[in-house]
Structure formats: structure tokens, C-alpha cells
Amino acid sequence: MECRDAAVSSLSWALIVGGAAFMLHQTRSHTQYGRYVAAEACCCPARLGWFLQEVPAFLLPLLLLLLTEEPGRTGDRTGDRTGDRTGDRTGRTLLLCTFMLHYFHRSFIYAFLTRGRPVPLPIVLAAAIFCSLNGFLQGHHLLHCAQFEHSWLRDARLAAGFLLFVVGMIVNIHSDHILRGLRRPGETVYRIPYGGMFEFVSGANFFGEILEWCGFALASWSLPATAFAFFTVCSIGPRAYQHHRDYQQRFEDYPRSRRALIPFIL
């Protein structure tokens with residue numbers, strides 16, 4: 001498949017503009033999920049909802065990866081252009097598998113462990129559309145557009161980006177584990193999370209995911225990955241702040257010293 005530069009650029013800028021608009025929207029109202037879902041909302045079970053909305057971001061890149069032939073193996077128009085770049089296949093595939101790893105966990109592990117509230121159907125639909133478009137964007141760009149020198153595997157940006165991603169994923173998974181442990185099966189009460197990064201930030205799970213995609217953007221060093229990281233900050237950053245305020249309102253003894261998102265912004 002040839003690189004669709006116009007589509008990559010358009011989708012990337014759509015993420016940036018959409019992220020800014022979504023952040024502005026969230027300063028005026030809560031996103032209708034979790035504790036903020038209206039009683040009359042039409043919902044689906046949390047496990048099914050999370051699976052349906054996250055799995056496209058895993059399946060679409062996987063499909064692109066399976067259908068993409070190695071450079072130079074065919075006589076099509078792209079063969080001559082990419083024949084001398086066979087060595088960067090490893091870097092591109094490694095970056096894409098990093099992206100897919102997050103969504104494999106969210107789709108096939110987190111989705112079946114969650115004890116969250118039912119998810120409104122409009123949220124599931126909107127998230128599934130977003131994950132489909134973003135999965136195609138990241139997969140197509142890395143497999144058909146990105147060009148990496150042979151030295152890229154030794155570049156400091158790649159190493160630092162992977163380190164951030166791994167740390168962020170560990171924080172995210174560990175924080176989700178802490179949150180699941182706050183409730184017994186069937187309970188809907190809210191308790192203050194302690195342990196891990198929750199000792200420093202209110203939304204440790206959000207903080208971990210933001211670290212992941214900032215690391216991915218650094219390792220990829222591309223507009224699509226940077227646009228996705230920006231969208232992530234804009235979409236779940238305000239949620240972390242909302243959770244922080246909600247904890248302060250629910251619990252009189254909630255530590256005022258904890259931050260809404262990251263320790264050095266407040």
C-alpha cells in the first residue's frame with residue numbers, strides 16, 4: 001500500500017484540533033462515564049463496552065501488519081522506493097507492536113478484569129470510532145510512511161521513548177489493580193486509593209497512560225504519534241482533575257497535597 005500522506009496529515013491535525021475542543025468541552029461539563037453517568041442513560045456492561053471500544057485499535061494495526069509485505073519483495077511501485085529501507089522494518093514493526101501491546105492489554109485483559117459501572121452506548125460508539133481511526137492512522141503511518149535510518153535503533157529518542165512507555169504502562173496497570181481492589185464484587189461505593197503512584201497523584205492510572213503515549217511519541221518522533229499524545233492529554237487530563245475535585249468533595253480527609261494530574265503542574 002502506498003503512503004497516503006494527505007490522509008495521515010488530515011487525521012493527525014484532526015486529533016490535535018479535536019483534542020483541544022474536547023478539553024474545552026470538559027471544562028464545562030463532565031464526560032458521561034463512570035461516576036458521572038446519568039441514571040437514565042442507555043448502557044452496556046462495562047466489560048463488553050471496554051472490549052468493543054478498545055479492540056479496533058488492536059485489530060486494525062494487526063491487519064495492516066499482516067497484509068504489509070516486506071520492502072522490495074514485490075515489483076509494485078513502492079518496491080523501488082522502499083527496497084533500500086529493508087533494515088528499518090524492524091524499527092517500524094517494533095514501534096507498531098508497542099502501540100498494539102497497550103490495546104491488547106486494554107481489550108483482552110483489562111476489559112475482562114474491570115469492575116466498573118456500565119458504559120453509555122454513545123461513549124462506546126464514539127470510542128470505537130476513535131480507536132478505529134487512530135489504529136489505522138498509527139499503523140498506516142508506521143508501516144507505509146515512516147522512514148527510519150539504520151542508526152535509529154541506537155537513537156537516544158527511541159531508548160528514552162521506550163523507557164517512558166514501559167514506565168507508564170507499569171504505572172497504568174498497577175494503578176488499575178489498586179482501583180479494582182477498592183471494591184468487593186457488586187459494590188458501588190467509592191474509597192480513596194492508596195499505594196503506588198496514588199501517593200503522589202489523584203489520577204495515577206491516567207498519569208500512567210499519558211506517560212505511555214508521550215513515550216510513544218518520543219520514540220516515533222512523528223506527527224501522528226505526537227497528535228495522539230496531545231489528544232490523550234486533552235481527553236484524560238481533565239478527567240484526572242475532575243476525579244481530584246470529586247475526591248475532595250466526597251472525603252473531608254482527602255489529602256489536599258495530592259495533585260490532579262502530575263506533581264509539577266500545580
Side-chain angles (χ1 to χ4, degrees), residues 1 3-5 7-16 18-19 50-71 85 88-111 126-148 152-153 155 157-173 176 205-237:
M1 180 186 293
C3 174
R4 307 294 181 182
D5 288 313
V8 168
S9 179
S10 297
L11 285 173
S12 297
W13 283 107
L15 282 181
I16 293 173
W50 275 101
F51 174 79
L52 292 176
Q53 70 185 34
E54 301 284 321
V55 76
F58 171 76
L59 293 180
L60 278 172
L62 177 62
L63 182 63
L64 289 173
L65 184 62
L66 293 176
L67 295 179
T68 299
E69 297 189 18
E70 294 188 18
R85 293 166 45 215
D88 76 348
R89 170 80 178 188
T90 300
R92 291 182 286 126
T93 303
L94 182 61
L95 286 167
L96 184 58
C97 288
T98 300
F99 176 86
M100 292 166 58
L101 176 63
H102 171 89
Y103 283 103
F104 175 84
H105 172 263
R106 300 296 282 186
S107 304
F108 298 100
I109 300 176
Y110 173 83
I129 292 173
F130 171 81
C131 286
S132 298
L133 292 174
N134 188 50
F136 170 79
L137 172 63
Q138 305 302 330
H140 175 68
H141 175 262
L142 283 172
L143 292 175
H144 304 126
C145 302
Q147 298 185 37
F148 298 106
W152 183 249
L153 292 175
D155 194 283
R157 290 169 293 181
L158 183 68
F162 272 126
L163 179 61
L164 272 180
F165 181 90
V166 170
V167 171
M169 190 166 188
I170 291 172
V171 170
N172 181 252
I173 292 174
D176 285 335
N205 51 329
F206 299 128
F207 174 68
E209 188 166 350
I210 288 172
L211 272 187
E212 282 185 72
W213 297 126
C214 287
F216 179 73
L218 180 60
S220 302
W221 204 253
S222 66
L223 176 61
T226 302
F228 178 38
F230 177 79
F231 186 93
T232 300
V233 173
C234 291
S235 61
I236 67 178

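The aromatic ring centres of Phe130 and Phe231 sit less than 6.0 Å apart.
In this structure, the side chains of Thr232 and Glu212 stay at 4.5 Å or more apart for every pair of heavy atoms. Taking the side chain as every heavy atom from C-beta outward, His102 and Phe165 approach each other to under 4.5 Å. Within the 4.5 Å cutoff, the side chain of Tyr110 has no heavy atoms near those of the Ile173 side chain. Two residues are said to be in side-chain contact when any heavy atoms from C-beta on lie closer than 4.5 Å; Asp155 and Trp152 meet this criterion. Under the 4.5 Å side-chain criterion, counting only non-hydrogen atoms from C-beta, Leu11 is in contact with Phe136.
Considering CG of Asp176 and CD1 of Ile109, their distance stands at 11.5 Å, rounded to 0.5 Å. Rounding to the nearest 0.5 angstrom, the gap separating the CG atom in Leu94 from the OG1 atom in Thr98 is 5.0 Å. Here CZ of Phe230 is found 10.5 Å from OG of Ser235. Values are rounded to the nearest 0.5 Å. Thr226 OG1 to Ile16 CD1: the interatomic distance, rounded to the nearest 0.5 Å, is 8.0 Å. Put simply, CG on Leu62 and CG on Leu67 are 9.0 Å apart, with the number rounded to the nearest 0.5 Å. With values rounded to the nearest 0.5 angstrom, Asn134 atom CG is found 4.5 Å from Phe228 atom CZ.
Judged purely by atom type and a 3.5 angstrom limit, Arg157 has no side-chain atom pairing as donor or acceptor with the backbone of Leu218. Formation of a donor-acceptor pair under 3.5 Å by the Asn205 side chain with backbone atoms of Asn172 is not found in this model. Counting only distance, with no hydrogens or angles, the side chain of Ser107 and the backbone of Tyr103 share a donor-acceptor pair below 3.5 Å.
Shortest non-hydrogen contact noted between Leu164 and Gly215 is CB-CA, 3.6 Å. Of all the heavy atoms in Arg4 and Cys145, the pair that sits closest is N-SG, 4.1 Å. What you find for Phe216 and Leu95 is that their closest heavy atoms are CE1-O, 3.3 Å. The two residues His144 and Cys3 have their closest heavy-atom pair at O-CB, 3.2 Å. Of all the heavy atoms in Ala229 and Ala217, the pair that sits closest is CB-CB, 4.0 Å. Across all non-hydrogen atoms, the minimal contact from Val171 to Gly208 is CG1-CA, 3.8 Å.
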Side chain to side chain contact (heavy atoms under 4.5 Å, CB included), that's the test. Do Leu223 and Trp13 meet it? Break it down for me. CA-CA 9 Å; Leu223 176 61; Trp13 283 107; 3.8 Å; yes

Go through it in stages, so that I can follow the logic: the residues are Phe51 and Phe108, the test is ring-ring contact (aromatic ring centres under 6.0 Å, His included), and I'd like the CA-CA distance, side-chain angles, deciding distance and then a yes or no. CA-CA 7 Å; Phe51 174 79; Phe108 298 100; 5.7 Å; yes

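Pro224 is linked by a side-chain contact (heavy atoms from CB on, under 4.5 Å) to Val8, Ser12, Leu137, Gln138, His141, Ser222, counting only residues two or more places apart in sequence or in another chain.
Ring geometry for Phe99 versus Trp213: interplanar angle of 30 to 60°, hence tilted.
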